[in-house]
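Notes follow once the structure below has been shown.
Only this structure's heavy atoms are used, side chains among them; waters, hydrogens and symmetry mates stay out. Proteins come first, then strands; the chains are lettered A, B, ... in the order of their sequence lines, and each starts at number 1.
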Number of protein chains: 2
Amino acid sequence: MAHSVTMRTVAERAEVSTKTVSNVINGTGSYSPETEQRVREAIEELGYRMNPFARGLRSRRTDTIALVLPNLGQPFYAELAEQIMRAPQTQGLKVVLQSTHGDARRERAVLSAHQELVDGVIYVPHALGPDDYLPLPVTRPTVVLGERPADATTLSLDYVDPADEQGARAVVGHLLSQGRHRIAVIGERTGPMAGARRLRGYRAALAEAGVDYDDSLVISVDDADLWSSGVGAATRLLRTRVRFDALFCFNDVVAVAALSVLTRSGIKVPNDVALAGFDDIEAARFASPPLTTVDLRRESIARTAVTLLRSRMDLENFRDLPGRSESIGYDLRVRASSGVPSSR
Amino acid sequence: MAHSVTMRTVAERAEVSTKTVSNVINGTGSYSPETEQRVREAIEELGYRMNPFARGLRSRRTDTIALVLPNLGQPFYAELAEQIMRAPQTQGLKVVLQSTHGDARRERAVLSAHQELVDGVIYVPHALGPDDYLPLPVTRPTVVLGERPADATTLSLDYVDPADEQGARAVVGHLLSQGRHRIAVIGERTGPMAGARRLRGYRAALAEAGVDYDDSLVISVDDADLWSSGVGAATRLLRTRVRFDALFCFNDVVAVAALSVLTRSGIKVPNDVALAGFDDIEAARFASPPLTTVDLRRESIARTAVTLLRSRMDLENFRDLPGRSESIGYDLRVRASSGVPSSR
DNA sequence: CTGAAAGCGCTTACAG
DNA sequence: CTGAAAGCGCTTACAG
């Protein structure tokens with residue numbers, strides 16, 4: 001190897017033991033200022049770089065957490081990842097990111113393969129439900145994004161629980177309050193959980209307003225490529241000729257894509273159709289018209305996830321604590337896309 | 001540790017040596033089918049999981065590459081990251097992703113700190129120019145996204161060179177051919193390189209068409225948060241009351257944000273102002289109207305970067321080969337936002 | 001404030 | 001086809 005400068009080389013050069021070099025590098029133990037000076041010079045002159053594998057093997061700490069998520073092409077996940085990397089709670093930790101492409105096989109593989117390289121895992125499930133991932137071996141502290149299933153407590157899995165149902169209920173309630181009663185839905189299956197929960201919220205809001213649920217208003221889309229499936233779903237919806245005065249999409253990407261279809265078809269938003277999305281991605285705010293949507297508080301999700309994870313990582317044995325669950329609130333973002341129809 | 005099952009435990013259980021266990025796990029050497037069977041059973045029964053640090057320390061291979069990029073909140077980078085993780089050339093490699101938040105200090109830190117954990121690095125510079133990053137120690141095969149500076153050859157750095165200048169020239173040429181001659185620019189500094197190169201392309205296209213360059217048409221924005229700086233820049237542009245019939249944004253995010261400002265101000269796109277962006281992010285295709293832009297061929301960039309990297313990783317000594325540079329083409333995406341004004 | 005020795009869990013020659 | 005031994009480069013008790 002070109003780079004075979006080890007701690008020992010440094011120690012010899014500085015005329016100290018490797019222990020002292022280790023102490024200086026890690027700020028552990030104590031040493032005189034002159035010793036530190038000599039060690040630092042030796043490191044500099046030799047171009048020494050510590051071998052993280054040797055350290056990891058010995059100390060069993062990596063100061064690294066893994067973030068396992070479905071797809072960076074979806075702005076919600078990309079923005080969530082960025083928030084997690086930036087959270088103050090993440091200071092001092094490295095974050096390695098693994099995308100599973102929203103594919104069940106890869107999700108399982110990533111989850112069971114790479115835990116040993118990190119001190120903890122934040123897992124955003126997509127293709128796998130609890131029945132699929134709970135049997136997988138958990139060897140590191142793990143925080144899951146989603147609703148906690150019953151068995152997770154004993155497994156010491158922590159959950160960050162976003163307000164999918166309440167958010168959907170609120171935004172649909174808002175559409176109803178604007179006088180819209182024929183509210184079509186384009187619902188992707190964002191993981192096995194979120195889609196179902198958003199649909200529940202939709203139905204709850206209708207029930208509350210005494211509006212009947214109409215199955216012909218609900219379109220389901222595949223979530224492999226949300227942009228084009230949004231276009232596809234909106235096109236299908238228009239073709240069915242079913243009457244609707246509002247459209248609620250379970251995802252802003254789908255909503256923005258649907259907006260382009262509506263606009264192209266000469267349907268005015270919000271005059272003919274009120275439009276609402278979900279997630280409050282940046283692109284929603286800058287759509288024309290700006291999109292009414294639900295903010296799941298990504299920053300809060302990120303902060304809570306890292307905090308839960310660290311607290312478990314700090315434990316002697318991470319299974320000493322039963323699994324916890326933290327609910328996150330939501331914010332309804334009312335924008336022009338759901339405005340009251342004006343006379344034209 | 002709860003999990004102190006080592007290769008030795010497995011070896012004892014299967015009544016073989018650790019060498020044989022290692023062979024079975026890695027598919028190296030040779031062993032009888034019955035031996036393999038016994039080893040696999042022992043692994044299964046004991047719940048053995050290999051310690052990657054011990055392996056990395058000994059074998060000096062991690063089968064992992066690092067992707068260092070500015071900000072996952074920018075769709076271009078997020079989509080590029082996803083492409084790199086999905087590229088067929090990436091098969092068999094893990095990809096760890098480090099976001100630098102577009103911040104010079106962090107960029108330097110990430111770049112000099114985490115190389116030892118991986119077999120290679122793909123580096124997307126942002127805040128740092130060649131003068132800043134070339135002096136940093138390079139201990140692993142590295143591919144840089146951008147134009148190759150002269151000194152990079154001897155450092156054995158490989159470059160993937162996107163068509164920033166040519167792309168900008170083409171899209172501005174297109175706007176000119178549509179009869180637009182007062183072409184405003186909102187140019188963020190996407191790294192020290194890309195912004196300057198896109199501006200060169202803009203000037204080249206004007207020169208070619210015999211149109212004078214007018215400094216008052218060029219607005220520069222900070223790139224910390226492109227969405228809001230896009231809005232800010234577009235607002236400023238309108239306030240200057242300078243006359244323009246087209247707007248070229250160096251970035252689709254800025255273009256979409258600017259579109260929302262124009263629309264809100266009652267300026268029709270493309271009738272009053274033709275609009276073009278850069279990058280061809282998904283949101284550009286689904287803007288209303290859909291955005292004319294330049295596709296830098298992210299997939300091709302991803303594939304080329306990983307291919308260059310692997311070929312260097314396969315070398316006995318990765319510095320044996322002088323630095324290489326591969327140019328990537330571009331595609332002009334002409335969409336409705338740059339259409340010819342229709343009579344209203 | 002600093003050292004000498006042991007050992008983390010693998011893979012790599014070397015041997016048979 | 002399989003074993004026994006050495007060693008990768010650190011940190012961790014233990015000692016002084």
Side-chain angles (χ1 to χ4, degrees), chain A residues 1-40 42-43 46-64 113-119 139 316, chain B residues 1-40 42-43 46-64 113-119 139 316:
Chain A
M1 294 299 292
H3 222 84
S4 252
V5 179
T6 74
M7 207 168 247
R8 186 165 167 171
T9 328
V10 174
E12 282 164 4
R13 172 86 157 229
E15 300 181 308
V16 296
S17 72
T18 57
K19 167 77 189 310
T20 304
V21 178
S22 174
N23 278 342
V24 170
I25 290 176
N26 298 300
T28 50
S30 47
Y31 35 83
S32 68
E34 307 92 68
T35 311
E36 168 164 8
Q37 170 75 358
R38 281 218 312 287
V39 170
R40 295 216 178 280
I43 289 174
L46 295 165
Y48 168 71
R49 330 200 81 224
M50 200 186 46
N51 182 324
F53 287 94
R55 162 187 276 179
L57 174 57
R58 191 64 248 240
S59 70
R60 300 172 161 287
R61 289 186 45 215
T62 65
D63 295 321
T64 303
H114 308 315
Q115 299 176 52
E116 334 296 311
L117 277 163
V118 298
D119 295 339
T139 65
E316 187 66 31
Chain B
M1 293 297 290
H3 221 87
S4 252
V5 180
T6 74
M7 207 168 247
R8 187 166 165 172
T9 329
V10 175
E12 282 164 5
R13 173 85 157 226
E15 300 183 307
V16 296
S17 72
T18 58
K19 167 77 189 307
T20 304
V21 178
S22 174
N23 279 341
V24 169
I25 290 176
N26 297 301
T28 50
S30 45
Y31 36 83
S32 67
E34 307 91 70
T35 311
E36 168 163 10
Q37 170 76 356
R38 279 217 313 287
V39 170
R40 295 215 178 279
I43 289 175
L46 296 165
Y48 168 71
R49 330 200 81 223
M50 199 186 45
N51 182 323
F53 288 94
R55 163 187 274 178
L57 174 58
R58 191 65 248 239
S59 71
R60 300 172 160 288
R61 288 185 46 214
T62 65
D63 295 323
T64 303
H114 308 315
Q115 299 175 53
E116 335 294 312
L117 276 163
V118 298
D119 295 339
T139 65
E316 186 66 30

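- Put simply, the side chain of Q115(A) gets close to the backbone of T139(A): a donor and an acceptor are under 3.5 Å apart.
- If you measure from atom CD1 of I43(B) to atom P of dG9(C), you get 16 Å, rounded to the nearest angstrom.
- For the pair R61(A) CZ and dG9(D) P, the computed distance is 22 Å after rounding to whole Å.
- Without hydrogens or angle criteria, D119(A) side chain to T62(A) main chain gives a donor-acceptor distance under 3.5 Å.
- As judged by a 4.0 angstrom heavy-atom cut-off over every strand, S30(B) is placed among the base-contacting residues.
- Residue F53(B) contributes atom CZ, which lies 13 Å from atom P of dG9(C) at whole-angstrom precision.
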If a pair means Watson-Crick or G-U wobble with both distances below 3.5 Å, what does DNA chain D look like in dot-bracket form, with | marking bases paired to a different strand?
|||.||||||||.|||

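- Residues T9(A) and R13(A) form no side-chain contact, since every pair of their non-hydrogen atoms from C-beta on lies 4.5 Å or further apart.
- Residue-level contact check: T28(A) touches neither bases nor backbone, having no heavy atom under 4.0 Å from any strand.
- Comparing dG9(D), dT2(D), dG3(C) against the side chain of S17(A) picks out dG3(C) as the nearest.
- Atom CD of E34(A) and atom C1' of dT2(C) are 13 Å apart (whole Å).
- Closest heavy-atom contact between N51(B) and Y48(B): N-OH, 4.4 Å.
- Using a cut-off of 4.0 Å between Lys/Arg side-chain N and Asp/Glu carboxylate O, R38(A) and E34(A) are scored as not salt-bridged.
- Judged by distance alone, with hydrogens and angles left aside, the side-chain atoms of T28(B) form no donor-acceptor pair with the main-chain N or O of N26(B) at under 3.5 Å.
- The two residues I25(B) and M7(B) come nearest to each other via the heavy atoms CD1-CE, 3.8 Å.
- With rounding to the nearest 0.5 angstrom, the OG1 atom of T64(B) is 8.5 Å from the CG atom of L117(B).
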Protein heavy-atom contacts under 4.0 Å, written 5' to 3' over nucleotides 10-16 of chain C as B (base), S (sugar-phosphate only) or - (none), form the string BBBB---

